[in-house]
Amino acid sequence: MSSVPKSKLLCLAVICCSSIVLLTSHHESSVIAQKPLANEGDLAKRLKRIPATSPKESLKGFQLEHGFQLELVAAEPDVMDPVDACFDENGQMYVAEMRGYPYLPEQRPDYISGPVRKNAGVIRLLKDTNGDGKMNESFVFADTITWPTSVCCFDGGVFVIAPPNIYYFKDTDGDHKADIRETVFTGLPTKNVQGLANNLKWGLDNHIYFAGGTNGGSILKDGKEVIPSGRRDLKLNPKTRKLEAISGGSQFGHSMDDWGNRFVCSNSNHIQHVIFPSHYLKRNAYLAVPSVLRTAARRGAAAPVFRRSPPEPYREVRTARRAADPNFRKRLSPTELVATGFFTSATGVTIYRGSAYPKAFQGNAFIGDVGGNLIHRKTMDSKGATYIATRADEQTEFVTSKDNWFRPVNFVNAPDGTLWVLDMYRETIEHPFSIPEDIKRHLDLESGFDRGRIYRLVHPEGNQFRVQKLGKMPIDQLVKQLDSPNSWNRETAQRLIWERQDQAAISNLQHLFRSSTQPLGRLHALWTLDGLNALTSEILKQALKDPVPGIREQAIRLSEKYVEKDSELAQIVLELTSDPDYRVQLQLAFSLGEFNNQTAIAGLTKLVDSKNFDSDMKMAVLTSSSKIAGPLSISFLKKSPETQSGNQGSLITELLMIAGAKKETDDALAVLSFISDDSISLQSKQKILGALGRGLVRRGASLASLLNDSKLDVDVKERFSKTIADAVRTVEDEDKPVAKRVAAVKLLGFIDYSVAGKVLSEVLNPRSSPKIQLAAVEALSRMRHNDVSAALLQNWSGFSPAVRSEVVDALLGSSERIDSLLIAIKEKRVKLNEISRDKKDLLMNHPNQKIRKQARKVLGNEVNSDRAKIVLAYEAALELKGDVEAGKKVYLKNCASCHKVGDQGHNVGPNLATTKNKSNNDLLIAILDPSREAQSNYNTYTIVTEQGKLFTGIIAAETATSYTIRRAEGKEDIILRNNIDTLLSNGISLMPNGLEKEINQQQMADLLQYIKTLEAPLKK
């Protein structure tokens, strides 16, 4: 991730309020004590503790599909609280033990008895000394660290993530205890246990990758910032200790497949593919990318899970409180009495890469749901640039348990070819904030700190590998291990060869590449040669013609640093523009950005004309277009400026925006010169200039400033003066078609107010078509002039609700315009009930103290700040009978701007169908006190650009070059990093307070009843 230039980066940290630790966000509770019942009795008696089960007995409670079995390989006291593990070159297992969960000493409540476990984290070394497949020796390799979340082998030692630090530990005297204890990096935030960095994994390129978590924060080395604050994943060169921000940004879980594709997961979005590599995005600082993550699950982020374990007693108590009234209990759905439903605690997504199981299971994704005591399985199928992950076990889960203590947090591809399961084994694994205080006082959230299990998944038809000790193998034997069907052997052999940098391996690697019948053997040979700086053009030329598409794809990537010196190699790469495989062409679209401009234009043009060209390949093309955006857009426009549409049309639009956003004006001026020709229609000119203008706005410029550029030809300026005059006449001519007038309005939005302000103000009136009014609001909002606010507000009383909403958004875009809005409200030119609830909430909680103070003075105490009191007052709604149809109307009026149901509403907040399993009481809290337990990804942020424009909403996406801010009705703004002055967290949910002003108690009952009837999102 690049830094934010000139930034006053106040707070990028995500404030999390409710999640199951490490991974989850389970919203079944409130943090206030609910109204107690007179006959409730002693909580201590009702909250019966669930006893732990011995490892032997726990094994009896598992149910596995397809004949699989679990074998215990380690348990307490030999291992405790395992959350990650790795195997060294001799099959020894290092385990990260997160014993201090869920409290750091400063976070631990005073009422908890027992010793404070300060720096309780441990790195454990487990050994199988007799070859029976079970770990029979256990050593504390390193201790007195905070919350270790990951461990990864390198050069006889291990890197360890234990926020705030990343360590390197190594035993040099053979006593099984680290005597080298080096703090490599620091600064990783610890404020939220679910947002910690995690899961170090070796990549094909001889770097270690890991998930950065969601806590944000800068990373330091030797007291100097090496990675700026932000939500991202990272990769480490373990030799140079160089750290690099990369695409990603999720919670606990990180895995790669055999070909280097990366997958992550978060609470309910249980499998996501990292689709756009950051090092390509960084080449084009002017490219705004909506998201680098793609939900892979066929049914989308929300997916049902099928648990067998009973509800925990504290959940039963909560439910009993809500259902004590027999008549009320009759109205509760069964799901409100049993904690079940959708993924809420997805963790440890792992692609199985061994070969001990039948072929049908190889390449499957395994995901734990710790709250449901189960393991979920997905089959993976390639589709274009990404993957489709499909539920593999219908109406059940791959592994379920009756033991509530079973917490499968992570998985490891083991040396024997099987998948090992890390069971944290905890009585409770819910975030402390999610449990009511009076109930929590009777629980022991630290219970299980001295327990933990590790299991091996075995199949009756499987073929477990003999664990080989690769550490002392000679180099020629190590090279042969690259041909192994087992991923641990291949990865470990490549790591050892790279660590040794033994040039004697080169001839063996070249021979393996030329002779191996295993595609993965050839793949590792290529990357190992690259790691030895021994990859040659001849090997690459052969790889580019390999019959396996994956090898050709990787060969293109590896060729990038050689093509400038070898024209023959460059030509072979360029010929792959005709390759029939999608992913080969996709990689070529990324890699052509490393070629000279002429070759890049020729290659990218061919790819755009390919039948495989789609929206994802378009993005790859754009990453390669920073230096050639102008010429490339002109080459496409020359073909037919009138008929461009679909992905090709949107590609041209993006290229024009990039040309406009570049601080060097040559590309933008070239576009102006091209379209000034009289042969291009006014409508085409307006469309092209509109795209160019949006790019100019991204850097604080305009078409007017571009037309005054000293390098622009005088004749071109004169022709454009005529174009602008034609646009003004088009806007004024009421006989012109609405579409043409709208296009002209949009064009004028990129011109100075002194030229276009008058005509735009005139058409912003109730007599104009709504489309023209909306276009005029958008155009005026772009202009920096003192009279814009007055122009936007002059006809307020005649505006429709839709136009009013856009006007308010435009006024909220800068501090000066907010002043105008508040004055209009104070003077009653704008009535308070004409401002939507979310806009009022934004003003009342604005991050700018002056604006916030002024807003609260003008808006008064309209909303009661004591949200707990409001929730309590509305509990009467839980006793009322709700009407589904009436509830749907309440949803459409008050909720659809941010919540989707079927084809209605907008994807800003959670799909309401995924909340139906929450109790009515918890839904009540979520609606009336939304910031109390809001998921961190729904907290609001404000970005201020260098031109003073304000954008407020949730961060929908963060990439190497841009932020995407999403607000009500799914409206999105993409802001380039190089144009950000200030980025700060507002610390509140996007969902507004004060909905009690819009929804009475009966309507609340109707809304809750409507939510309970919703079905999960339809299968795609």
Side-chain angles (χ1 to χ4, degrees), residues 86 152 199-211 233 235 246-248 250 253-265 270-277 292-298 346 348-368 376-390 392 398 410-414 417-420 457 482-492 494-495 518-527 548-558 581-584 586-587 590 616:
C86 64
C152 184
N199 276 281
L200 297 152
K201 296 287 189 296
W202 276 94
L204 285 168
D205 62 351
N206 305 299
H207 283 69
I208 298 173
Y209 291 69
F210 61 98
D233 293 346
K235 76 171 182 177
I246 59 173
S247 297
S250 201
H254 175 226
S255 184
M256 301 180 194
D257 67 10
D258 286 331
W259 297 93
N261 293 289
R262 295 175 52 236
F263 299 90
V264 295
C265 65
H270 54 290
I271 181 165
Q272 298 165 278
H273 178 210
V274 182
I275 193 170
F276 297 128
V292 295
L293 297 178
R294 184 71 51 81
T295 296
R298 180 178 292 275
V349 59
T350 299
I351 306 299
Y352 170 63
R353 301 173 54 209
S355 57
Y357 306 154
K359 188 174 181 179
F361 300 94
Q362 294 172 20
N364 286 186
F366 291 80
I367 305 149
H376 180 80
R377 182 171 68 97
K378 285 275 200 292
T379 58
M380 305 294 291
D381 297 291
S382 177
K383 183 180 181 182
T386 188
Y387 290 81
I388 300 297
T390 305
F398 180 69
N410 219 338
F411 310 88
V412 186
N413 282 287
T418 66
L419 194 69
W420 288 26
L457 270 169
L482 299 177
D483 225 16
S484 170
N486 195 37
S487 65
W488 177 82
N489 298 68
R490 295 193 305 271
E491 282 191 349
T492 305
Q494 178 175 331
R495 173 174 67 82
Q518 301 299 318
L520 294 177
R522 301 199 295 278
L523 174 71
H524 281 274
L526 285 174
W527 279 106
V548 176
I551 299 294
R552 300 198 298 276
E553 175 189 347
Q554 298 288 335
I556 292 170
R557 179 180 168 188
L558 286 165
D581 186 80
Y582 176 92
R583 292 187 65 88
V584 171
L586 179 70
Q587 181 59 53
F590 283 123
D616 291 327

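In this structure, a donor-acceptor pair under 3.5 Å is absent between the side chains of Asn413 and Arg353. The closest side-chain donor-acceptor pair between Ser355 and Gln362, if any, does not fall under 3.5 angstrom. A side-chain donor-acceptor contact under 3.5 Å links Trp527 and Gln554.
Scanning both residues, Asp258 and Ser487, for their nearest heavy atoms gives OD1-CB, 4.3 Å. Minimum interatomic distance between Ile351 and Ser255 (heavy atoms only, all atoms of both residues): N-OG, 3.0 Å. Residue Asn199 comes nearest to His254 through the heavy atom pair O-ND1, 3.0 Å, listed as atom of the first residue, atom of the second, then distance. When all heavy atoms are compared, the tightest approach of Ile551 to Pro519 is CD1-O, 3.4 Å. Nearest heavy-atom pair, Ala414 versus Asn486, reported as atom, atom and distance to 0.1 Å: O-ND2, 3.6 Å. Across Asp233 and Ser250, no two heavy atoms sit closer than the pair OD1-N, 4.2 Å.
Contact check for His207 versus Tyr209: side-chain heavy atoms found under the 4.5 Å cut-off. Inter-residue side-chain proximity for Tyr357 and Thr418 is flagged as met; some heavy-atom pair is nearer than 4.5 Å. Side-chain contact between Arg557 and Asp205 is present, with heavy atoms from C-beta onward closer than 4.5 Å. Side-chain contact between Lys378 and His270 is present, with at least one heavy-atom pair separated by less than 4.5 Å. No side-chain heavy atom of Ile271 sits under 4.5 Å from any side-chain heavy atom of Cys265. At least one side-chain heavy atom of Asp581 sits less than 4.5 Å from a side-chain heavy atom of Arg552. Residues Glu491 and Leu204 are not in side-chain contact: their nearest non-hydrogen atoms beyond the backbone lie 4.5 Å or more apart. Between Ile367 and Arg377, every side-chain heavy-atom pair lies at or beyond the 4.5 Å cut-off.
Phe366 and Phe398 have perpendicular rings, their planes meeting at more than 60° on a 0 to 90° scale where under 30° would count as parallel. Under the 30°/60° scheme for interplanar angles, the aromatic rings of Phe276 and Phe590 are found to stand perpendicular.
Comment: Asp257 does not engage Arg262 in a salt bridge, judged by the lack of any side-chain N to carboxylate O separation of less than 4.0 angstrom. A salt bridge does not link Arg522 with Asp483: every distance from a Lys NZ or Arg NE/NH1/NH2 to an Asp or Glu carboxylate oxygen is 4.0 Å or more.
One finds the CG atom of Asn489 at 13.0 Å from the CD atom of Gln494 (value rounded to the nearest 0.5 Å). Note that CZ of Arg298 is 3.5 Å distant from OG1 of Thr390, once rounded to the nearest 0.5 Å. The structure places CG of Leu457 at 9.5 Å from OH of Tyr352, a figure rounded to the nearest 0.5 Å. One distance of note links CZ of Arg294 with NE2 of His273; it measures 9.0 Å at 0.5 Å rounding. The CZ atom of Arg583 lies 14.0 Å from the NZ atom of Lys383; values are rounded to the nearest 0.5 Å.
Between Tyr387 and Phe263, the distance from one ring center to the other falls under 6.0 angstrom.
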For Leu200 and Phe210, run side-chain contact (heavy atoms from CB on, under 4.5 Å): C-alpha distance rounded to whole Å, both residues' side-chain angles, the deciding distance at 0.1 Å, then the answer.
CA-CA 4 Å; Leu200 297 152; Phe210 61 98; 3.5 Å; yes
When you look at Leu482 and Gln518, which way does the side-chain contact (heavy atoms from CB on, under 4.5 Å) test go after all the steps?
CA-CA 9 Å; Leu482 299 177; Gln518 301 299 318; over 6 Å; no
Please test Asp616 against Ile275 for side-chain contact (heavy atoms from CB on, under 4.5 Å), starting from the C-alpha separation and ending with a verdict.
CA-CA 9 Å; Asp616 291 327; Ile275 193 170; 3.9 Å; yes
Could you check Asn261 against Thr386 for side-chain contact (heavy atoms from CB on, under 4.5 Å), going step by step and ending with a plain yes or no?
CA-CA 9 Å; Asn261 293 289; Thr386 188; over 6 Å; no
